[in-house]
Amino acid sequence: MQTAPLALIQHAIAEAAHGRPPVRLLAVSKTRPATAIAALADQGQAAFGENYVQEAAGKIAALADRGLEWHLIGHLQSNKAELAAQLFDWVQSVDRVKLVAALARYRPAARGPLNVLIQVNIDDEDSKHGCLPHQIEALALAIAAAPQLRLRGLMAIPAPHPEAGRRRAAFAGMRALFDELATRHPAVDTLSMGMSDDFALAIAEGATMVRVGTALFGQRPSP
Ligand SMILES: *Cc1c(COP(=O)(O)O)cnc(C)c1O
């Protein structure tokens, strides 16, 4: 019998977490067709991550009857906030107050609060996305003040350092920021970090959610 990659990844996640509360697997489905997502949903995977609002819209509509949970993990432009607030269950890439206001304004009341993670730029000097550590609390207060949003925690995409030690340090830094946030906002429960190449390392440093694309679906076609 052929082992499904989903079961392998779930096993690796459970191994890395040994004993700690379950770590959630977000299947990153950018560039993948709705049929590939449906195949994974058939195996029990319920949470999917998309990077682009427009690309996600068609898949979310096509799979509307499947009861899936959709996370936006890519950079969100303010002019896409309205659509994002309507379509997604989670937005993991909130990194500025202006976006908080737009998401709160456009979240349909019937959908209930939108789950939000603050994206932190922990160590990637080449990236313009993510807030700086000292900006987390102002964002957290803005989110906490919006009843249309629910602050769930932090997300990071550390720089892809070849040395595992550098990546481990970034994950550990995120864990410290998360623990600090939790002292002021006790309801936060999610630290989203770790991808196909390093999810075990991220879990060892305290990730509660890992975002895995390539290891589940295979290599993405190069652009
Ligand atoms: C593409 C992407 C992932 C998944 O990366 P893989 O290496 O394919 O597992 C995770 N998080 C974000 C923000 C991404 O853009």
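Both counts, for ligands and for their atoms, begin at 1 and track the order of listing. The basis for the numbers below is simple: all heavy atoms, side chains too, and nothing from hydrogens, waters or symmetry mates.
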For [atom], what is the closest protein heavy atom, and at what distance to 0.1 Å?
atom: atom 8 (O) of ligand 1; value: T214 OG1, 2.5 Å
atom: atom 12 (C) of ligand 1; value: I73 CD1, 3.6 Å
atom: atom 10 (C) of ligand 1; value: M195 SD, 3.1 Å
atom: atom 9 (O) of ligand 1; value: S196 OG, 2.5 Å

**OP:** Could you point out which residue of K80, R211, K59 forms a salt bridge (Lys or Arg N to Asp or Glu O under 4.0 Å) with E50?
**Re:** K59
Subject >> Within-cut-off N or O pair, G213 and ligand 1, under 3.5 Å >> reply: yes
**OP:** Flag K30 as yes when one of its N or O atoms lies below 3.5 Å from any N or O atom of ligand 1, and as no otherwise.
**Re:** yes
Original post:
Passes side-chain hydrogen bond (donor to acceptor under 3.5 Å, both in side chains), Q219 versus T214? Steps please.
Top reply: CA-CA 5 Å; Q219 286 296 336; T214 309; 4.9 Å; no
Original post:
Mind checking whether V212 and V28 have side chains closer than 4.5 Å, heavy atoms only?
Top reply: no
Original post:
Does a side-chain heavy-atom distance below 4.5 Å link R107 with L103?
Top reply: no
Subject >> Presence of salt bridge, R167 and D123, under 4.0 angstrom >> reply: no
Subject >> SB check R24 E69 (cutoff 4.0 Å) >> reply: yes
Subject >> Any pair counted as ring pair (Phe, Tyr, Trp, His ring centres under 6.0 Å), so long as it reaches residues 61-98, sequence neighbours left out >> reply: F48-W70, H71-W90, H75-H129
Subject >> Identified side chain to side chain contact (heavy atoms under 4.5 Å, CB included) counterpart of V97 within the set I143, L139, L141 >> reply: L139
Which of the ligand 1 atoms, numbered from 1, are nearer than 4.0 Å to a heavy atom of [X]:
X: R211; value: 4 (C), 9 (O), 10 (C), 11 (N), 12 (C), 13 (C)
X: N51; value: 14 (C), 15 (O)
X: V212; value: 9 (O)

**OP:** Classify the contact between I157 and ligand 1 as side chain, backbone, both or neither, using a heavy-atom distance cut-off of under 4.0 Å.
**Re:** side chain
**OP:** State if Q92 counts as touching ligand 1 under the rule of any non-hydrogen atom under 4.0 Å.
**Re:** no
